[in-house]
Each structure stands twice: as C-alpha cells, then as structure tokens.
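I have placed the structure first, in the form of structure tokens, so that the comments after it can refer back to it.
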Amino acid sequence: MSSYQFPETFEWGAATAAYQIEGAVKEDGRKPSVWDTFSAKRGRTLNRDTGAIACDHYHRYEQDIQLMAALGIKHYRFSISWCRIIPDGRGAVNEAGIDFYSRLVDCLRSYDITPHATLFHWDSPQALEDRYGSWQSREMAQDFADYVTAVVSRLGDRITNWMTLNEISCFTHMSYDVNQTPKHAPGTRVKSKKQVWQTSHHALLAHGLGCQAIRAVSPVPCLISLVDNPGITVPLTESADDIEAAKNAFPYHCGNGGIIYPAITGEYSSQLLDQLGNDAPDIQVGDLDTIHQPIDSLGLNIYTGAYIRAANNSQGCEWIDFPKGYPAMHMPWLQIVPESLYWGIRHVSETLDRPDLPVYITENGCAAQDEVTRSGEVIDSDRILYLRQYLKTVHRAVDEGYPVRGYFVWSLMDNFEWSWGFDRRFGIIYIDYRTQKRIPKASYHWYAECIRQNRVV
Ligand code: GBH
C-alpha cells in the first residue's frame, strides 16, 4: 500500500536521561553525582547551568507520561540515577530512591507504555569519585554491579528491558583527557592515553558484570542491551568500492573497535590495537570473557556520520571533510547525514559476526533554534525535515531485512544538554524553564502521525 510502511511489530519510542530532566537533586536522600559537582564549577557548562531543577520531571512525571500517551508511543527509554538508589555509591540502598522509579514505572504501565531502563547515563556518584576516581578504578565495575543488583531485584518484576551503560566513550574518553580539560564530568586531566583507555576498559567490565547481575537477580525473563554511539562511516557514493571502504573504515573510526567490538565479539579489534600500541589498556586474564556477555540487542545512538571513499593507501579509504556550508543542525558536530542510520545498522550487522543481533536506534534527533510564536506554538519544521529524512533510512534498513526493531527519538523534551546547559534544545516537547510549561512542538504532532500510520509521513 503506502510507502515507508513499518512492520506491525516496530517499536516507536522516545528517550531521556535522569540528570538531564529530573531535577530534585537533593530530594528523598539523593546525594551528588559528578555532574552536580562539575556543573557547579565556573567555566564548565554554558551559563553555569546545572541539572538542579532541569525539567522538574521528578515532580511532573505524571504530566509527562500523559504527553507520551497522547503522542502514541508504546516505549519509553529513561535512565535510573545511581545516586538516588545508592547515594554513597556503595553500601546502603535508599528505598526512597527506588520508590520514585517504582511510581514512574507503574504510571507508565498504566498507560500501556513499556519501560526501557538505562542503568547508567553518566551520573556517577560523587562519593566514588572522591573515594577512588570513579572510572579510573577497577573497583567501579563491581560497585556498578552491586547497584544493578539492588535495582533489578526490586524493579525487575515490572521492568524487563534493561540497558547497561549509555555511550561508554562519553563518560570515559570525553571525561578524562591528557591534552585538555575534558568537557564532561568529572573533567579529569590524566597523564597518558593509556589511562584514558583504562577508564573505558573498566566501563566495559562494568557492562559485563552488570549483565551477569541482571541475569542473576531478574525475577522474570528479561532483555539486556548495550547502548553505544559508534562513529558511522557512510560511503560517499554507493559504488561497490566506496561501500567496501566504508565497511573497512568502521572498526577504525572513533574507537569503535575498543567499545562495541570487545562487548559483542570478545576482542578489541586488531586494527585498533595496532593503532594504540603502548596506549592500549592493561587487560587482565578473564577480562574479555567477563566483558563478552550474551546480550539480546544492541542500542545505537546515531546523530551524524562521516563520509568515506575508497583510496589507494594502507587503510584503503579516505575520510572526506564536510565542505563549507554543509547543512547542519544546532550543534557544531551535528551535520545532517540521514544515511548514517542505515549504514550504522548495516555495518553493525555485517562486521560484528552477529548478523541476527537485533538493533534498536536508541537515540536520534537534533537541536534546533526553537522559538515560541505569539500564538504560543513552536513550529520546528527544520526538526521535522531532519527526522523525516533519517527515519526514511531506518525504513530502508527494515526493507532490506536488517534486524532493526525500534526507534527512540532524542528527546521527549528539551533538557539539560550537558556542557551546553539549557542553551540547546533537542526535545519534541518545548520546555519553558521559567514556568515549567510543556509545549508540544510541531515535530511532536508530526511524529504522532508517523506512529499512528506506522510509517514515515
Ligand atoms: C547523546 O550523545 C547523549 O546520550 C545525550 O545525553 C545527549 O543529550 C544527546 O546525545 C545530544 O547531544 O564536541 O566535537 O567533541 C551524543 C553523542 C558524542 C555527540 C560526543 C557529540 C562530541 C563531539 N555525542 N560528540 S565534539
């Protein structure tokens, strides 16, 4: 019948993260995360914004869930805050913290919306930063697993879709750096690249131990996924040579070979290890087995891509710079490359030796310079333009038989955009931060129509 139709089973959703929306940072026993500490320091976030109040979702979740229901999504991806559950990072469980997520989940389920919970979206407990430098220490992996045990044993009767860690590189390689002050919390200068790779290795161990903990304590069968933001290599033309070049470039790009490869294949990619030499992390006996746990799906967060073409050099490929004036959305890194979704799904499926592994787009979306009109609307036709083009390439992947199961737009609502504070808006719902009023944008209404018709409109 109509074009761009998705299968009936396709899962439409929206995503958020705890520190970016909840606020209420001192309530019900929560203690600081590294992002509270970092954003309170001068010069770390734009306008010195912090997540102290953010969207006040902690108090307004019912209203937000009503907006999800009106949108028509049946799947909601959110994250759980470690420092609400175990405020000191290790030790006593704060039942009041559990209660918040329990209420949230019950409310979601009363609207027939399936919860997909991310167990860690960058907000490490400050207490563990003070104790041993958080991800610099191997101890962080076991503390994470203990926190996971606390959550899953209490909420696992009602949450059956678990995501371990969101975008390992963003809270390791963007948080610990040798040459500059890192843009992400805790913002630690370290002496060597090897130390940086050690932090992501510890995060991989946390993923592995976290998976084991979930399987051990979940009271019912559940699904586990790892969420990553691989750099996506897109063939400049779709000639056979450029496609081959883009595929070969994939394990080299942005450390892909050091995050999803070990998690899915049990090995750091050989290309990456050659590149790293002495900067490679120390890997203890058994680590790769711990990291390489069976998972049920891979979540991909994709916003943009890099164009690649075939070349006569040792790697057989060339990275193409974006020309001046290339279309981009409201972030310096957010060039519009719609095919990045299609190629992300395809490269994962073809290069990780797991062609059947289900894939979700766990984040895709963009920042735009939204303004409220006199009549009180936000008409973000630019975001619709972006989303429509990207979704069409997800459809292409479905059409060609790649195992892509669902799509979560980033984000349900405008929120604390990390070092950019509230200056950048990624939501399909506008937040007026002075009044906390929610205004569904035009893109919200457009997305509702896609969901209703189960196709890209
Ligand atoms: C996601 O990360 C996050 O999961 C989410 O919390 C966030 O709100 C959303 O994106 C929007 O940013 O500054 O040139 O070094 C996206 C992955 C990885 C994209 C780091 C930007 C930095 C490029 N991001 N990357 S640069």
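Note: hydrogens, waters and symmetry copies are ignored here, and every other heavy atom, side chains too, is used. Order of appearance sets the numbers: ligands from 1, and atoms from 1 within every ligand.
- By the 30° and 60° cut-offs, the orientation of the rings of Y303 relative to W333 is perpendicular.
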Ligand 1 N/O to protein N/O, distances under 3.5 Å:
{"unit_1": "ligand 1", "atom_1": "2 (O)", "unit_2": "E167", "atom_2": "OE1", "d": "2.8"}
{"unit_1": "ligand 1", "atom_1": "2 (O)", "unit_2": "E167", "atom_2": "OE2", "d": "3.1"}
{"unit_1": "ligand 1", "atom_1": "4 (O)", "unit_2": "H121", "atom_2": "NE2", "d": "3.3"}
{"unit_1": "ligand 1", "atom_1": "4 (O)", "unit_2": "N166", "atom_2": "ND2", "d": "3.1"}
{"unit_1": "ligand 1", "atom_1": "4 (O)", "unit_2": "E167", "atom_2": "OE1", "d": "3.4"}
{"unit_1": "ligand 1", "atom_1": "4 (O)", "unit_2": "E167", "atom_2": "OE2", "d": "3.3"}
{"unit_1": "ligand 1", "atom_1": "4 (O)", "unit_2": "E363", "atom_2": "OE1", "d": "3.0"}
{"unit_1": "ligand 1", "atom_1": "4 (O)", "unit_2": "E363", "atom_2": "OE2", "d": "3.0"}
{"unit_1": "ligand 1", "atom_1": "6 (O)", "unit_2": "Q20", "atom_2": "OE1", "d": "2.8"}
{"unit_1": "ligand 1", "atom_1": "6 (O)", "unit_2": "H121", "atom_2": "NE2", "d": "2.9"}
{"unit_1": "ligand 1", "atom_1": "6 (O)", "unit_2": "W418", "atom_2": "NE1", "d": "2.9"}
{"unit_1": "ligand 1", "atom_1": "8 (O)", "unit_2": "Q20", "atom_2": "NE2", "d": "2.9"}
{"unit_1": "ligand 1", "atom_1": "8 (O)", "unit_2": "W410", "atom_2": "NE1", "d": "3.2"}
{"unit_1": "ligand 1", "atom_1": "8 (O)", "unit_2": "E417", "atom_2": "OE1", "d": "2.6"}
{"unit_1": "ligand 1", "atom_1": "10 (O)", "unit_2": "Y303", "atom_2": "OH", "d": "3.3"}
{"unit_1": "ligand 1", "atom_1": "12 (O)", "unit_2": "E417", "atom_2": "OE2", "d": "2.6"}

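- Here R60 pairs with D56 in a salt bridge; the nearest charged N to carboxylate O distance falls below 4.0 Å.
- Annotation: salt bridge (Lys or Arg N to Asp or Glu O under 4.0 Å) contacts of D296 (sequence neighbours excluded): R215.
- Listed by chain and residue number, nothing satisfies the salt bridge (Lys or Arg N to Asp or Glu O under 4.0 Å) test with K193 (two or more places apart in sequence, or in another chain).
- Using cut-offs of 30° and 60° for the angle between ring planes, the W35 and W418 rings count as tilted.
- Evaluation of the side chain to side chain contact (heavy atoms under 4.5 Å, CB included) rule for E371 yields no partner, not counting sequence neighbours.
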